[in-house]
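Below is one structure, written out as structure tokens, with a few remarks after it.
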Amino acid sequence: MPLGTLDRSPPSFFKQGPSSLSKLMFFSALSLFLMVADIRFRITQPVRAVLATALYPVQWLALQPVRIVRDSSAYFVGLDQANASSEQAAQKLILQSLRAGQVEQLMLENNRLRKILGLREQLAISAMSAEVLYDAADPYTRKIIIDKGLLQGVALGSPVLDESGVLGQVTRVHPLVSEVTLVIDRDLAIPVLNVRTGARSVAYGDVTHSGDGLELRFMGSNSDVQVGDLLTTSGVDGVYPPGLPVAKISKIERRAESAFAKIYCTPQALVAGARHVMVVKPVSAQIPARPETSEPVVAPKKGTPK
């Protein structure tokens, strides 16, 4: 073979290129440059969008088995929960039907006794429905905004209820919306009645224990209270109608060094998730004023013997 036809290039093993340290420094500098450029100028954003669009079908196909298994398990769990909820709803409906019959009988007896004793008849509760728009912006208070205001007849101080109990009280009224202070707010107090014992007290918003409950203050350490006692509105404040559920006693702390017990309560209303509420007219606004006597008061004449 002629010498001119031989390959004169050296084998790859003997080729000399950039050193490993030079390559490391070059690619490190390139990486830093690309990271800074991506953060400042978003130069790789279109590339990422194209890659994400191109890989989406592959991701979708890869996730289908996982999604099928998850949906199947969620279906069976949801079916069990639906059956359990249906049974609870049926039991609750039967219990409410029995209580409704008892309430009607008690109302008839109550009206008869009031007529016999000559007491004032109970007032019919006037209420309107409203929807919760959003929570108040102040992070240090527990307030919500509803979609009814002065134009709809909302009065300042009106009690606000949900399907479970007392939710709060209207503390500010605007033409189209109103601000409701929740029962767990530290500035709100409600006169309550212990259904079991009949003792009256005042429930305050609790901000020291859990932040989402109430506290019975100024109750003696030897007071007859138990965990699970239901507290309802007493009606002595002229704002809340009597008998509305407010809270249940959840924890009692009796200390020897203190004359008062620490009594914590859990509200009955959905203070964190209410969407639809009822605004009740204050009791004092529903009581008709007594007619004043029209007889003039005659002053005694001067010189008239007493």
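Heavy atoms only: backbone and side chains are in, while hydrogens, waters and symmetry mates are out. If you read the sequence from its start, that first residue is 1, and numbering goes on from there.
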Just so I know, are the side chains of [X] and [Y] near enough to count as touching, which here means a heavy-atom distance under 4.5 Å?
X	Y	value
L176	D147	no
V132	V277	yes
Y75	R70	no
I252	V227	yes
T233	P191	no
Q81	V77	yes
I263	K251	no
Y264	E253	yes

Between [X] (side chain only) and [Y] (backbone N and O only), is there a donor and an acceptor less than 3.5 Å apart?
X	Y	result
S28	L24	yes
Q152	G149	yes
S158	A155	yes

Practice item. Check the pair Y240, V166 against side chain to side chain contact (heavy atoms under 4.5 Å, CB included), reporting the backbone distance first and the verdict last. Key: CA-CA 9 Å; Y240 297 91; V166 178; 3.7 Å; yes

Exercise: identify the closest heavy-atom pair between [X] and [Y]:
X	Y	value
P242	S234	CB-O, 3.8 Å
C265	A247	CB-CB, 3.8 Å
V192	L231	CB-CB, 4.2 Å
S72	I68	OG-O, 2.7 Å
A261	G220	CB-O, 3.9 Å
P245	T232	CA-CG2, 4.1 Å

Quick check for you: to the nearest 0.5 Å, what is the distance between [X] atom [atom1] and [Y] atom [atom2]?
X	Y	atom1	atom2	value
I146	L133	CD1	CG	8.5 Å
L161	H276	CG	NE2	15.5 Å
D185	R142	CG	CZ	8.5 Å
Y204	R186	OH	CZ	15.0 Å
Q169	T181	CD	OG1	7.5 Å
D135	K143	CG	NZ	12.5 Å

**Study point:** Chi angles and distances behind the side chain to side chain contact (heavy atoms under 4.5 Å, CB included) call for I144, L167
**Key:** CA-CA 10 Å; I144 57 176; L167 185 66; 4.0 Å; yes

Among the clusters formed by ILVMFWY side chains lying less than 4.5 Å apart, do [X] and [Y] turn up in the same one?
X	Y	result
L193	V283	no
L156	V280	yes
L188	V239	yes
V36	L30	no
L150	V279	yes

Point to revise | Residue that, paired with S250, satisfies side-chain contact (heavy atoms from CB on, under 4.5 Å) out of T266, D229, L214 | key: T266

Heavy atoms from other residues, nucleotides or ligands near [atom1] of [X] exceed 12 (cutoff 6.0 Å):
X	atom1	result
R200	CZ	no
M25	CE	no
R196	CZ	yes

**Study point:** Check ion pair R275-D162 (N to O, under 4.0 angstrom)
**Key:** no

Exercise for review: Apply side chain to side chain contact (heavy atoms under 4.5 Å, CB included) to I190 and V183, showing your working.
Suggested key: CA-CA 8 Å; I190 302 179; V183 292; 3.4 Å; yes

Point to revise | Verdict with supporting geometry, V225 and R254, side chain to side chain contact (heavy atoms under 4.5 Å, CB included) | key: CA-CA 11 Å; V225 289; R254 292 184 170 92; 3.6 Å; yes

